[in-house]
Colleague: 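Attaching a single structure in C-alpha cells format; questions to follow.
Remember, it's 1-based here, ligands and their atoms both numbered in the order they're listed. Worth saying up front: this structure is predicted, and the values here are computed from it rather than measured.
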Amino acid sequence: MSEQKIIISPSILSADFANLERDIKLVEDCGADWIHVDVMDGHFVPNITIGVPVVKSLRKITNLPLDVHLMIENPDKYIEPFAKAGADILTFHYEALNDYCEICSVIKKIKSFGIKAGISIKPKTMPEVLNPYFDMVDMVLVMTVEPGFGGQSFMSDCAEKIKYIKTKASKSLIIQVDGGINAQTGKICKDFGANSLVAGSYVYGANDIKQAIDSLK
Ligand code: DX5
Ligand code: ZN
C-alpha cells in the first residue's frame with residue numbers, strides 16, 4: 001500500500017448495466033473512493049454508453065463522488081445537465097475542443113457548479129498541450145488506452161507522460177490514469193506520480209473485488 005492516498009475509481013463500464021445499484025454497492029463496500037462513469041457519444045469515440053438520466057439515477061443510490069468521464073464532442077453543451085444530475089467531477093477531453101478559449105470556458109463552466117474540473121488527453125496527445133491549464137483544473141486524466149472500450153491493454157509509453165505532468169503540477173492537482181489498470185500497471189503509474197487510478201475490468205472481473213481494490217492502493 002502506498003504512503004500517499006490513492007483515489008480508486010472503479011469504472012462501471014465493466015459492471016452489469018442491469019444491476020448497476022448492486023454493482024456500485026459492491027465496490028463501495030470494498031473500499032472504492034469514487035465511481036467512474038464513462039460517457040461515450042458514438043462520435044468522439046466509436047462506442048455509445050450512458051448519459052445524463054443514468055447519472056441522475058446513480059446519484060440517488062450512492063454517496064460516493066461520481067467521477068464522470070466525458071468522451072463526447074461538444075462537452076460545453078452537456079456540462080450543466082451532468083452537473084445538475086449530480087456529477088462531482090466532470091472530465092472532458094482536450095481533443096474535443098478547438099482552442100484555448102473554448103477550453104477555458106468549459107473549465108469555468110464546470111467550476112461554476114462548485115464541482116471539480118478534469119481535462120484528459122488521449123494516447124497520441126503530448127502532455128505539453130496541457131501547460132496553460134495546469135493551474136485551472138483540479139485533475140488531469142492520462143488515458144493509457146484509446147478511449148472507447150474497457151478491457152484493452154495498458155500502453156506504458158502513455159504512462160510516461162505522468163512524469164512530465166508531475167513536474168508541472170501543484171500539490172493539489174489530482175493525476176488520474178485510465179485504461180488497462182491492474183496491480184502491476186497501477187504500480188507503474190503510482191511510481192510516476194499518479195494519485196488516482198481508474199479500473200474497470202480488473203475490479204469487476206476479479207473473484208475477490210476487495211482484494212483487487214486493495215491491490216491498487
Ligand atoms: C475507456 C474508459 C475506461 C474503461 C477502462 O475508454 O475510459 O474508463 O472503463 O476499462 P479497463 O480498466 O478495463 O481498461
Ligand atoms: Zn474512463
Side-chain angles (χ1 to χ4, degrees), residues 6-17 20 23-24 26-27 30 32-52 54-55 58 64-73 75 78 82 87-96 110 116-125 137-159 161-162 174-190 194-207 209 211-217:
I6 306 293
I7 301 165
I8 308 298
S9 192
S11 165
I12 56 167
L13 191 58
S14 293
D16 176 358
F17 277 17
L20 275 182
D23 281 4
I24 285 175
L26 208 54
V27 293
C30 292
D33 299 293
W34 293 354
I35 298 295
H36 188 81
V37 181
D38 286 305
V39 175
M40 306 187 191
D41 65 354
H43 293 278
F44 183 75
V45 288
N47 200 4
I48 299 178
T49 54
I50 55 183
V52 173
V54 176
V55 170
L58 297 183
L64 288 185
L66 295 175
D67 167 29
V68 177
H69 179 190
L70 298 175
M71 285 162 277
I72 61 173
E73 287 181 355
Y78 299 94
F82 276 108
D88 297 278
I89 302 104
L90 270 181
T91 300
F92 64 94
H93 267 268
Y94 167 83
E95 302 85 358
I110 296 172
K116 286 188 167 63
I119 186 166
S120 182
I121 49 171
K122 298 206 287 185
K124 291 191 184 75
T125 305
V137 294
D138 300 288
M139 182 165 90
V140 168
L141 166 54
V142 176
M143 290 303 301
T144 41
V145 297
E146 279 299 336
F149 300 92
Q152 303 181 77
S153 300
F154 179 77
M155 299 161 84
S156 51
D157 50 329
C158 296
K161 295 177 194 175
I162 299 165
I174 300 166
I175 304 176
Q176 186 178 64
V177 189
D178 183 6
I181 297 296
N182 56 36
Q184 287 74 39
T185 59
K187 176 156 187 343
I188 295 171
C189 297
K190 287 184 290 183
N195 56 356
S196 176
L197 300 177
V198 174
S201 49
Y202 178 64
V203 167
Y204 279 107
N207 290 326
I209 290 186
Q211 195 275 330
I213 290 178
D214 284 346
S215 74
L216 297 172
K217 289 184 176 172

Colleague: Can you check whether Ile110 reaches Asp138 side chain to side chain, under 4.5 Å on heavy atoms?
Modeller: no
Colleague: Less than 4.5 Å apart, any side-chain heavy atom of Phe149 and any of Pro46?
Modeller: yes
Colleague: Check whether any side-chain heavy atom of His69 lies under 4.5 Å from a side-chain heavy atom of Ser11, and answer yes or no.
Modeller: no
Colleague: At a cut-off of 2.8 Å, list the protein N/O/S atoms near the Zn ion (ligand 2), residue plus atom name.
Modeller: His36 NE2, Asp38 OD1, His69 ND1, Asp178 OD2
Colleague: Any side-chain heavy-atom pair from Leu216 and Ile6 closer than 4.5 angstrom?
Modeller: no
Colleague: When you look for protein heavy atoms under 4.0 Å from ligand 1, which residues do they belong to?
Modeller: Ser11, Leu13, His36, Asp38, Met40, His69, Met71, Met143, Pro147, Gly148, Phe149, Gly150, Gly151, Asp178, Gly179, Gly180, Val198, Ala199, Gly200, Ser201
Colleague: Whether the side chain of Thr144 engages the backbone of Cys158 through a donor-acceptor N/O pair (distance < 3.5 Å, no angle test) should be reported.
Modeller: no
Colleague: Looking at Leu13, Ile50, Ile48, Ile72, which one forms a side-chain contact (heavy atoms from CB on, under 4.5 Å) with Met40?
Modeller: Leu13
Colleague: Side chains of Thr49 and Asp38: is there a donor and an acceptor less than 3.5 Å apart?
Modeller: no
Colleague: With the side chain counted from C-beta on, respond yes when Gln176 and Ile7 share a heavy-atom pair under 4.5 Å apart, and no when they do not.
Modeller: no
Colleague: Are side-chain heavy atoms of Leu66 and Trp34 found at a separation under 4.5 Å?
Modeller: no
